[in-house]
Undergrad: 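Take a look at this one; I'll ask things after.
None of the values given here were measured: they were computed from a predicted structure. We count ligands from 1, going down the list as the structure has it; atoms in each ligand are counted the same way.
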Amino acid sequence: MTAVEKLETICWLGDAQGRLRLIDQTRLPETLEYRDCEDVESVWEAIKQLRVRGAPAIGIAAAYGVCLGLRTVKDADRTRFFERLREVTEYLAGSRPTAVNLFWALDRMGRRAETLRETAAPPEILAALLDEARAIHEEDRRMCHAIGRHGAALLGDQTGVLTHCNAGGLATAEYGTALSVFFTAQDEGKQLHVYVDETRPLLQGARLTAWELQQRGIDATLICDSMAAQVMRERRVQAVMTGADRIAANGDTANKIGTYSLAVLAAAHGIPFFVAAPTNTFDPQLPSGDAIPIEQRDPREITHGLGRQTAPDGIDVYNPAFDVTPAEYITAIITERGVIRPVSRETVASMLGEHRV
Ligand code: MRU
């Protein structure tokens, strides 16, 4: 077992009076620091500031955040308890708009509480909600491993793969989505070489993915985002693999800004473009990617992101954190249930079936 396998991106310490411990991802790769959250405000702040980030990890953290937010009313009457549940849910839902896993997890927590509304007292409901958050956490772990198994079958030996942002253990309960595919392929004895986009403006590729791959002993080369076309032209990569933040009913996929350009480039070079994501990253209510809300972030991430001012005062800045890759550019979507290929409204619906996870 390597060092990173022991790392817990998210962990709950104790019982319903316990606390949430997160790796503070803003501090990597210089230092591996943990941050304890004892109230819902600190969970909101951790999500907003990307201390915890990546679609599945945001959902898991929010589920535990609900428990922290409800602690203050565990001895209140049922009406107040449910009123507070609504407040806490709305508050956490306002932290980041794009990753649907956040809303999926909050919705699931709310539905669990509703099943107990008439029969249980607030302390019991709170205990059940902590169990629910733990279940979301554990299920994510299992889904990531399953995604790795399905995805590894798509990669041959001696493959060069390009990835973007961080869809690794840091973005999930463990192992990751896109990175899970690489870890599994390596465990199966395949030799991979991963090219890692640095992922401007916040450098999740350079800071987090490069770090995770190093920890696991996977051959990796860091490149600037703008080098992807040249890397493809030189035939250094035979596949592109990314994660996702929200996938619409027709397969259009929102992921970190820059993903769309990689998909177009991959098509131009005849290279398959794969998305790896659990089924709770799908939003079947949205007919297409046009309806996916795109987070706009602070201009200073671009003008002051590298520890110094890198643009003139007063320059206008556009800073969307995500883009949408149209389904036509996606060769396959790898889920924990299997591979969607080709990607269309029909194949997505048939994978999701009647129910969501
Ligand atoms: O802004 P971030 O760092 O939360 O963006 C994360 C991504 O875009 C990931 O690729 C995505 O959430 C998938 S994580 C398994």
Undergrad: Pick, from Thr259, Asn101, Thr98, Thr177, the option with the minimum heavy-atom distance to atom 15 (C) of ligand 1.
TA: Thr177
Undergrad: Does ligand 1 have a heavy atom under 4.0 Å from the side chain of Pro56, from its backbone, from both, or from neither?
TA: side chain
Undergrad: Regarding Arg200 and Glu301, does a basic nitrogen lie under 4.0 Å from an acidic carboxylate oxygen?
TA: no
Undergrad: Among protein heavy atoms, which lies nearest atom 3 (O) of ligand 1, and at what distance?
TA: Arg53 NE, 2.5 Å
Undergrad: Answer yes or no: does an N/O atom from His164 fall short of 3.5 Å to an N/O atom of ligand 1?
TA: no
Undergrad: Looking at Glu198 and Arg207, does any basic side-chain N land under 4.0 Å from a carboxylate oxygen?
TA: no
Undergrad: Is Arg141 salt-bridged to Glu8, cutoff N-O under 4.0 Å?
TA: yes
Undergrad: To which protein heavy atom is atom 7 (C) of ligand 1 closest, and what is the distance rounded to 0.1 Å?
TA: Asp245 OD1, 3.2 Å
Undergrad: Given Gln25, Lys256, Gln204, Arg96, which one has a non-hydrogen atom that is nearest to atom 4 (O) of ligand 1?
TA: Arg96
Undergrad: Against ligand 1, does Ala99 come closer than 4.0 Å with any heavy atom?
TA: no
Undergrad: Which atoms of ligand 1 are found less than 4.0 Å from any heavy atom of Ala171?
TA: 14 (S), 15 (C)
Undergrad: Please report whether ligand 1 has a polar contact with Ala55, defined as an N or O pair separated by less than 3.5 Å (distance criterion only).
TA: yes
Undergrad: Is Leu202 near ligand 1, meaning one of its heavy atoms is under 4.0 Å from it?
TA: no
Undergrad: Could you check whether Glu87 pairs with Arg84 (Lys NZ or Arg NE/NH1/NH2 to Asp/Glu carboxylate O, under 4.0 Å)?
TA: yes
Undergrad: Considering only heavy atoms from C-beta outward, does the side chain of Val240 approach that of Val161 to under 4.5 Å?
TA: no
Undergrad: Is it true that Arg142 and Glu336 make a salt bridge, defined as a side-chain N closer than 4.0 Å to a carboxylate O?
TA: no
Undergrad: Show the atoms of ligand 1 that are less than 4.0 angstrom away from any heavy atom in Phe322.
TA: 1 (O), 5 (O), 8 (O)
Undergrad: To the nearest 0.1 Å, how far is atom 13 (C) of ligand 1 from its closest protein heavy atom, and which atom is that?
TA: Ala244 O, 3.4 Å
Undergrad: Using a strict cut-off of less than 4.0 Å between a Lys/Arg side-chain nitrogen and an Asp/Glu carboxylate oxygen, indicate whether Arg86 and Glu83 qualify as a salt bridge.
TA: no
Undergrad: Hey, can you tell me if Tyr64 and His137 have their rings parallel, tilted or perpendicular (30° and 60° cut-offs)?
TA: perpendicular
Undergrad: Does ligand 1 have any atom that is closer than 4.0 Å to a heavy atom of Asn255?
TA: yes
Undergrad: Flag Gly243 as yes when one of its N or O atoms lies below 3.5 Å from any N or O atom of ligand 1, and as no otherwise.
TA: no
Undergrad: Thinking salt bridges, do Asp36 and Arg19 make one under a 4.0 Å N-O criterion?
TA: yes
Undergrad: Can you tell me if Ala321 contacts ligand 1 (heavy atom of the residue under 4.0 Å from the ligand)?
TA: no
Undergrad: May I ask you to identify, for Asn166, whether its side chain, its backbone, both or neither come under 4.0 Å of ligand 1 on a heavy-atom basis?
TA: backbone
Undergrad: Answer yes or no: is there an ion pair linking Arg112 with Glu114, defined by an N-O contact shorter than 4.0 Å?
TA: no
